[in-house]
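Working notes for the structure below.
In what follows, every chain begins at residue 1, and chains take the letters A, B, ... in the order their sequences are listed.
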Amino acid sequence: MTDQVFEVFCRVAPGDPMSHIGTLNAPHIDLARVYAWKIYDEEDWSEMWVIPRASIASAHPAHDDAARVEGS
Amino acid sequence: MSEGDVKLQLDDATRLALQTTVIALSDTKLLLGYHYGEWTFGPPAIEAGIAACSMAQEEFGHTRLFNRILKREFDIEIDPLNDTRPPEVFASIAFLDRAFENWADLVAANLVVDQALSLVVSAFADQQFGPIARIADKMLLEERFHYAHAEGWVRLMEEQGGAPREALHQSLSRAIRDTSAFFGPPGHDTALVTAGLKHTDDDALRQRLLGRLAKLLPEPEAVGLAGGDQGWTLAEPLSWEDWDSARRRLDHGGPDAAILDELRGTKNVAFKTA
């Protein structure tokens with residue numbers, strides 16, 4: 001099984017903005033969750049999320065994925 | 001109930017059973033922490049090394065908590081840096097006696113040994129022995145990530161098949177037998193349950209562990225388990241004649257002297273400050 005890249009996002013307190021705090025490699029989401037907690041636990045986060053980078057789409061029109069609009 | 005109350009209420013046999021359980025938890029977590037720490041370097045992924053290092057810190061922290069209980073409740077002082085006990089008196093699970101040969105050994109300890117210790121701690125939660133009951137919830141919360149780490153790697157190695165899967169099965173087979181011995185012969189801890197210190201006896205905890213392992217593993221028989229819907233046991237039952245109740249093990253050896261030397265800082269005695 002090949003590793004995927006996961007992006008890690010955290011929120012310090014409820015209502016605070018979500019911050020991107022780093023990345024990690026893992027073969028699947030379950031290990032990614034463990035690794036995220038073990039690597040980025042230096043703060044008392046109220047939330048921590050891991051998201052496969054492959055699931056994130058760019059919304060910027062300058063980026064190829066976002067610019068793939070009919071007729072553009 | 002204050003921490004001293006239970007000490008006054010227990011008869012000698014129950015008190016000894018409780019004391020040996022706490023020593024076994026302390027000794028086994030110390031050795032488990034050592035192996036986790038060793039695998040900070042050399043794991044198959046950098047992230048796995050960080051996780052192992054983190055788990056080591058937590059196991060050493062738990063050992064310190066149990067040693068504090070031993071001091072307060074039983075007047076027994078175990079200081080890992082100044083411990084002079086010979087290997088043959090350690091009450092640690094035999095699977096941890098020697099350096100791990102490969103990552104499969106670490107995953108097996110993570111899945112089987114670590115989970116067994118958590119099951120024993122969980123049996124003290126919300127029960128009458130305050131010193132463990134009070135720390136159980138936080139300890140078990142940390143241990144949830146240890147289990148998630150083990151489960152993630154077992155899934156991965158099972159899917160990989162071939163040599164990784166074979167190595168995992170060999171390691172799990174040994175870990176399961178040594179850890180089954182740790183739970184002792186059925187009924188050995190009846191006094192602790194009767195006294196209201198544990199809500200579940202070790203025999204039931206062992207069955208729970210083996211059932212969980214069988215549920216996780218695609219082929220439980222490949223790691224020496226037998227059974228089915230009615231419950232899982234060892235395909236080759238243990239013989240309890242040589243069981244050492246003080247050490248909770250059948251193997252009369254002990255941790256390698258080299259491991260104890262590292263835990264005790266033997267090479268660095270000249271630099272010790274206390």
Side-chain angles (χ1 to χ4, degrees), chain A residues 1-69 72, chain B residues 32-33 36-37 39-41 43-61 103-104 106-107 109-111 114-115 118 138-165 168 212 215-218:
Chain A
M1 188 179 284
T2 312
D3 274 1
Q4 307 171 56
V5 179
F6 291 83
E7 305 290 347
V8 185
F9 296 86
C10 289
R11 202 191 303 276
V12 175
D16 282 355
M18 190 77 84
S19 301
H20 178 251
I21 58 162
T23 64
L24 58 85
N25 295 290
H28 54 65
I29 189 74
D30 294 332
L31 273 175
R33 293 174 64 216
V34 177
Y35 291 161
W37 190 251
K38 293 300 183 191
I39 294 170
Y40 297 109
D41 68 342
E42 68 274 8
E43 280 204 53
D44 192 15
W45 309 112
S46 65
E47 293 177 41
M48 179 182 281
W49 302 86
V50 284
I51 301 170
R53 182 181 284 174
S55 299
I56 301 175
S58 169
H60 196 289
H63 293 165
D64 286 348
D65 287 348
R68 204 178 299 136
V69 179
S72 64
Chain B
L32 185 59
Y36 284 154
W39 281 85
T40 299
F41 303 104
I46 290 172
E47 287 84 354
I50 296 170
C53 183
S54 172
M55 291 191 291
Q57 292 174 45
E58 284 162 353
E59 296 302 342
F60 289 143
W103 186 246
L106 185 128
V107 172
N110 193 191
L111 180 71
D114 212 340
Q115 195 175 179
S118 294
K138 184 173 184 299
M139 194 176 283
L140 295 173
L141 188 65
E142 291 173 354
E143 294 290 348
R144 279 174 52 188
F145 277 94
H146 296 205
Y147 180 74
H149 182 265
E151 186 183 25
W153 272 100
V154 167
R155 270 183 49 199
L156 186 64
M157 294 163 85
E158 288 284 353
E159 286 168 20
Q160 284 177 313
R165 183 170 186 262
L168 176 66
R212 286 183 187 176
K215 192 174 176 185
L216 173 65
L217 297 165

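One distance of note links CD of B:Gln57 with NZ of A:Lys38; it measures 9.0 Å at 0.5 Å rounding. Rounding to the nearest 0.5 Å gives a distance of 4.5 Å between CZ of B:Arg155 and CG of A:Asp30. Separation of atoms OH (A:Tyr35) and CD1 (B:Ile46) is listed at 11.0 Å; rounding is to 0.5 Å. To the nearest 0.5 angstrom, A:Leu31 atom CG is 10.0 Å from B:Glu47 atom CD.
With a 6.0 Å radius and a threshold of 12 heavy atoms from other residues, nucleotides or ligands, B:Arg165 has its CZ atom above the threshold.
Between chain B and the residues A:Asp3, A:Asn25, A:Leu24, the largest count of heavy-atom pairs under 4.5 Å involves A:Asn25. Between chain A and the options B:Ala45, B:Cys53, B:Ser54, heavy-atom pairs under 4.5 Å are most frequent for B:Ser54.
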